[in-house]
Amino acid sequence: MTVDNPYKVRNTYVTGYSGSAHVMMIEATGLTYRYGDFVAVDDISFSVAEGEILGFLGPNGAGKSTTVKMLTGQLVPARGVATVLGTDVSRHPKAVHERIGVCFEEKNLYPRMTVRENLQFFADLFDRSVDVDELIRKVDLEKWASERAEALSKGMQQRVMVARALVNDPDVLFLDEPTSGLDPVSAEQIREIIRAEKTRGKTVFLTTHNMAEADALSDRVAFINEGRIVALDTPENLKLRLGRRLLRVRTRAGDDFAEEVLPLDDDATPDRMGALLRAGGIATVHTLEATLEEVFIQLTGRKL
Amino acid sequence: MNVPLIARLAKKDVRVTVREPYFFFYLAFPLLMTLVITVALGSLGGSVPSLGVCQDDAAAAYLSSSGAVDVATYPSIEAVREAVASGDRDGGLMAGEYYVLLYAGDTTSSERAALYAAVSSALAAASGSTETVDISVERLEPRGLSLQVRLIPFLVIIAAVVGGLIISSSLIEEREHHTLDALFVSPATPFDVIAAKALFGLFLGMVLGLLILGLNGALTSALVVVFLFFGVLFTIGIGLMAGVVMNSMTDLIARMKLFNIVLQFPALVILFPQIPSWLGMLFPTHYFIAPIISLTQEGAALGDVWWKLVVLVLCDAAVLVMAAKVLRRRMSGMLHLPSL
């Protein structure tokens with residue numbers, strides 16, 4: 001079931017990040033991309049403020065990666081403008097590339113080069129004096145620095161790719177499914193790096209289909225479905241406005257348990273809760289706050 | 001064009017390519033072929049040319065002691081001429097009113113140069129004078145190129161093809177490993193990436209070609225190097241196209257076997273004189289290897305081969321323009337890039 005989308009204004013979203021004026025590091029205006037007749041991204045507009053982590057969520061084929069490619073100058077939009085750090089990406093991609101870091105979903109290290117060589121090579125391309133060993137320490141791969149990339153596990157390779165994205169100390173980071181398919185420890189290490197970059201004031205555009213991760217990391221999340229943004233707000237706001245506002249009360253009578261679900265916004269709920277408290281025997285009380293996934297399902301009628 | 005960036009990319013290409021298993025096969029194959037042929041035909045180690053001299057000639061002793069030529073003495077001028085004509089000797093020295101140095105028809109230019117140098121210094125020593133002794137030079141009608149000489153074009157084309165193959169293999173590997181995506185969100189442009197690979201391929205093709213020509217004693221003039229350069233450049237264009245058109249390394253190897261026959265056809269025409277020579281002229285690589293043979297074996301000069309150089313440069317221009325178009329279209333499509 002889908003509900004009316006309270007955020008939508010002709011598929012355009014005002015950033016509203018923290019409710020104050022921010023420098024916009026990423027601005028997408030009417031971005032559209034077609035693969036032949038198929039419209040992969042359909043007239044989307046949004047912006048990301050300095051120091052913000054924007055979670056870009058959607059199922060496979062929703063248009064996430066295509067959007068990232070347009071924002072990073074790998075694709076030229078059929079219509080619309082992508083501006084990163086105030087520069088039109090399509091017109092001046094190299095000026096943008098100097099100041100962004102991109103971590104791809106697909107593994108793309110040089111397999112026959114070592115971890116250190118992979119990072120040093122990209123540092124050389126940016127013509128920057130970078131302490132590659134410090135980067136290696138950052139992703140906890142000191143022991144593997146002299147190993148070829150092909151010898152590393154998937155999680156280790158992913159960490160090298162994240163380190164590579166940081167090699168030019170970018171102002172904006174684009175991370176495309178950075179924890180996809182990783183074990184919990186590797187995934188958490190990458191999340192720590194993302195948090196650390198945010199603390200340093202960096203802007204992060206995080207593409208994922210992991211709702212829990214987006215919820216934990218993002219200042220705001222954008223839901224994209226069938227090439228269109230269907231919601232963009234803070235995770236809290238989305239859950240509050242589109243989630244179910246319910247209270248689940250479990251009561252105990254001897255060895256038996258009973259459960260009752262009360263709508264939070266119903267006028268009768270306070271009286272009913274009062275009655276239950278007076279009767280005694282309440283075992284547990286939980287608010288049934290919606291998850292981001294449930295919000296997404298409500299908005300689109302489909303699962304991630 | 002960002003030269004330092006291209007240099008860094010080329011350095012990476014060298015580092016990555018030398019670790020690929022195919023690299024040593026590409027490098028070793030033409031060199032091994034050269035070594036096998038030179039060993040089989042007994043020309044490895046720069047064996048000295050042979051000279052026939054009349055036994056009563058004053059220069060004979062000086063020539064024998066010099067070690068620069070393998071000297072055999074004959075009872076008469078007629079016997080010397082007969083030895084050269086029959087192929088027993090590469091050259092013969094005949095004294096009369098003046099000295100005549102007779103070359104066998106199938107001697108290489110380097111052999112003729114070695115014979116001339118040895119004879120002129122021996123005659124000067126024998127005469128006890130510091131003045132140059134006049135020597136008249138005569139060459140018998142060539143009976144045809146030796147087998148080793150006829151194999152040179154085949155080996156030189158392989159060297160050039162290696163330059164092109166390195167590029168296409170490197171491009172295919174980058175596509176298979178998706179590393180081009182990472183490069184293109186760095187300061188490197190697609191042009192930088194392609195230029196680095198082309199330079200690496202050109203360098204490798206030239207080094208290999210020069211080694212093969214050197215091992216075969218065919219590195220006799222700067223013009224040879226010029227033809228080698230433009231010949232390798234032609235295969236670089238082909239390699240760039242193959243790198244974006246072929247789907248995988250397996251695909252590349254399978255198709256290169258077929259395409260190699262086309263590139264090698266002019267070499268086959270030289271290797272097998274039974275094939276009408278005009279057929280070779282229909283293929284671009286003819287204008288690369290035929291002049292090298294003319295220059296090194298037949299004493300040709302720029303005046304004889306200039307038009308072939310023009311044709312070769314035109315072929316290069318055509319293939320590079322075609323490669324640029326294919327790269328622009330295929331890479332833009334593959335990587336969704338606006339342009340190169």
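Here the structure is a predicted model, which means the values were calculated and not measured. Below, chain A is the first sequence line, B the second, and so on; all start at residue 1.
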> chain B heavy atoms under 4.5 Å from A:Phe121: which part of the residue, side chain, backbone, both or neither?
Replying inline: side chain

> Quick one: what part of B:Glu20 sits under 4.5 Å from any heavy atom of chain A, side chain, backbone, both or neither?
Replying inline: both

> Should A:Gln74 and B:Asp181 be marked as a side chain to side chain contact (heavy atoms under 4.5 Å, CB included) after you check the CA-CA gap, both sets of side-chain angles, and the distance that decides it?
Replying inline: CA-CA 8 Å; A:Gln74 298 174 77; B:Asp181 295 340; 4.2 Å; yes

>> I'd like to know if A:Arg112 and B:Glu173 make a salt bridge, using a cut-off of under 4.0 Å between side-chain N and carboxylate O.
In response: no

> Closest heavy-atom contact between B:Ser186 and A:Phe126?
Replying inline: CA-CZ, 3.9 Å

>> Could you measure the distance from the CZ atom of B:Phe184 to the NZ atom of A:Lys69? Nearest 0.5 Å is fine.
In response: 13.0 Å

>> Strictly less than 4.5 Å between heavy atoms, which residues of residues 5-15 of chain B line up against chain A? Please order them by number.
In response: B:Leu5, B:Arg8, B:Leu9, B:Lys12, B:Arg15

> Closest approach of A:Lys94 and B:Ala188, non-hydrogen atoms and distance?
Replying inline: NZ-O, 2.6 Å

> Any chance CZ of A:Arg34 has more than 12 other-residue heavy atoms, nucleotides or ligands included, within less than 6.0 Å?
Replying inline: no

>> Please give me the minimum heavy-atom distance between B:Leu183 and A:Leu125, naming the atom from each residue.
In response: CD2-CD1, 3.7 Å

>> Show the nearest heavy-atom pair for residues A:Phe104 and B:Ala182, with the distance to one decimal.
In response: CE1-CA, 3.7 Å

> Between A:Glu150 and B:Arg19, does a salt bridge (charged side-chain N to carboxylate O under 4.0 Å, His left out) hold up when you go through it step by step?
Replying inline: CA-CA 12 Å; A:Glu150 63 190 351; B:Arg19 293 174 188 177; over 6 Å; no

